[in-house]
Amino acid sequence: MKIVANNKKARHDYFIEESYEAGIVLTGTEIKSVRQGKVSIKESYARIEREEIIIYGMNISPYEQGNRFNTDPLRPKKLLLHKREIRKLIGYTTLKGLTLVPLRMYINDRGKAKVELAVAKGKKEYDKRHDIAKRDADRRMQQAMRK
């Protein structure tokens with residue numbers, strides 16, 4: 001498994017409830033660009049429209065040799081999940097008010113591009129400060145144990 005893009009900011013900004021592996025519909029030049037690692041998912045999010053999951057804000061840079069076959073780098077892309085998983089996600093987003101956030105994009109062993117999609121709840125500012133303080137305390141303890 002080759003990780004192409006990672007969204008570290010998502011774990012800082014959200015509490016992760018569950019995560020799902022989803023396929024993604026790409027064009028030929030987009031998958032070539034993904035294999036080169038020219039993907040950014042920092043500002044991306046997913047929404048459910050007509051029982052389909054669409055990811056917005058994912059930036060896949062145009063392929064250099066793609067000429068006229070290149071598409072818009074920020075175009076919305078469809079994610080592929082089983083119908084029961086989509087219905088479960090509809091319940092999470094409408095009833096509980098949770099958000100769908102991509103955590104990472106990778107290419108699996110078979111050469112398929114996959115997105116790890118998380119059901120997440122937004123953190124408040126004091127939650128973020130608490131996490132930073134906890135991480136610093138753990139780091140200090142590790143340093144003290146090494147000495």
State, yes or no, whether a side-chain contact exists between P76 and I55 at a heavy-atom distance under 4.5 Å. no

Between D138 and R135, does any NZ, NE, NH1 or NH2 come within less than 4.0 Å of an OD or OE carboxylate oxygen? no

I31 vs T27, test: side-chain contact (heavy atoms from CB on, under 4.5 Å). Steps then yes/no. CA-CA 6 Å; I31 190 65; T27 62; over 6 Å; no

Report the distance from atom CG of L81 to atom CG of L89, rounding to the nearest 0.5 Å. 6.5 Å

Hydrophobic cluster (4.5 angstrom, side-chain heavy atoms) - remaining members for M1: I3, Y106

Rounded at 0.5 Å granularity, tell me how far CG in D131 sits from CZ in R129. 11.5 Å

For a 4.5 angstrom cut-off between non-hydrogen side-chain atoms, does T99 reach V119? no

Which atom names give the shortest non-hydrogen contact between M105 and A113, and what distance separates them? CE-CB, 4.1 Å

Correct closest heavy-atom pair for G37 and V4 would be CA-CG1, 3.7 Å

So, does N70 use its side chain to make a donor-acceptor pair with the main chain of P62 at under 3.5 Å? no

Do you reckon I53 sits in the same ILVMFWY cluster as I90, going by side-chain contacts under 4.5 Å, direct or chained? yes

Testing the basics here: between K77 and M58, what is the closest heavy-atom pair and its distance to 0.1 Å? NZ-O, 3.3 Å

Determine yes or no for a side-chain-to-main-chain donor-acceptor pair under 3.5 angstrom, with N7 supplying the side chain and I41 the backbone. yes

For the CZ atom of R11 and the CG atom of N6, what is their distance to the nearest 0.5 Å? 7.5 Å

Heavy-atom check, side chain of Y126 versus side chain of K128, under 4.5 Å: no

Scan side-chain atoms only and decide if E17 and Y92 contain a donor-acceptor pair under the 3.5 Å cut-off. no

Shared hydrophobic cluster, L79 / Y45 (ILVMFWY, side-chain heavy atoms < 4.5 Å): no

Side-chain contact, heavy-atom cut-off 4.5 Å: P73 with S61? no

Look at the side-chain heavy atoms of Ile, Leu, Val, Met, Phe, Trp and Tyr, link any pair under 4.5 Å apart, and say whether I60 and V101 land in one connected group. no

K114 side chain near N108 side chain, heavy-atom distance below 4.5 Å: yes

Hydrophobic clusters here meaning ILVMFWY residues chained together by side-chain heavy-atom distances under 4.5 Å, can you tell me if L26 and Y63 are in one? no

Same apolar cluster (I L V M F W Y, side chains within < 4.5 Å links), Y56/L74: no

Is the NZ or CZ atom of K123 positioned over Y14's six-membered ring, under 6.0 angstrom from the centre and within 45° of the axis? no

Given Y20 and V115, is the side-chain contact (heavy atoms from CB on, under 4.5 Å) satisfied, shown in steps? CA-CA 8 Å; Y20 295 90; V115 175; over 6 Å; no

With a 4.0 Å cut-off, would you call R35 and E30 a salt bridge? no

What is the distance from atom CZ of R110 to atom CD1 of I107, rounded to the nearest 0.5 Å? 15.0 Å

I would like to know whether E64 and K38 meet salt bridge (Lys or Arg N to Asp or Glu O under 4.0 Å); could you show each step before the answer? CA-CA 11 Å; E64 292 160 2; K38 297 183 177 179; 2.6 Å; yes

Is I16 close to L103 at the side-chain level, that is, under 4.5 Å between some pair of heavy atoms? yes

If you measure from the Lys or Arg side-chain nitrogens to the Asp or Glu carboxylate oxygens, is any gap between E85 and K83 under 4.0 Å? no

Do E21 and E116 come close enough that some side-chain heavy atom pair is under 4.5 Å? no

Under the side-chain contact (heavy atoms from CB on, under 4.5 Å) criterion, do I86 and E52 qualify, and how do the steps go? CA-CA 7 Å; I86 293 173; E52 291 181 344; over 6 Å; no

Pairwise side-chain contact, I24 with V34, heavy-atom cut-off 4.5 Å (strictly under): no

Does K2, at its NZ atom, have more than 12 non-hydrogen atoms belonging to other residues, nucleotides or ligands within less than 6.0 Å? yes

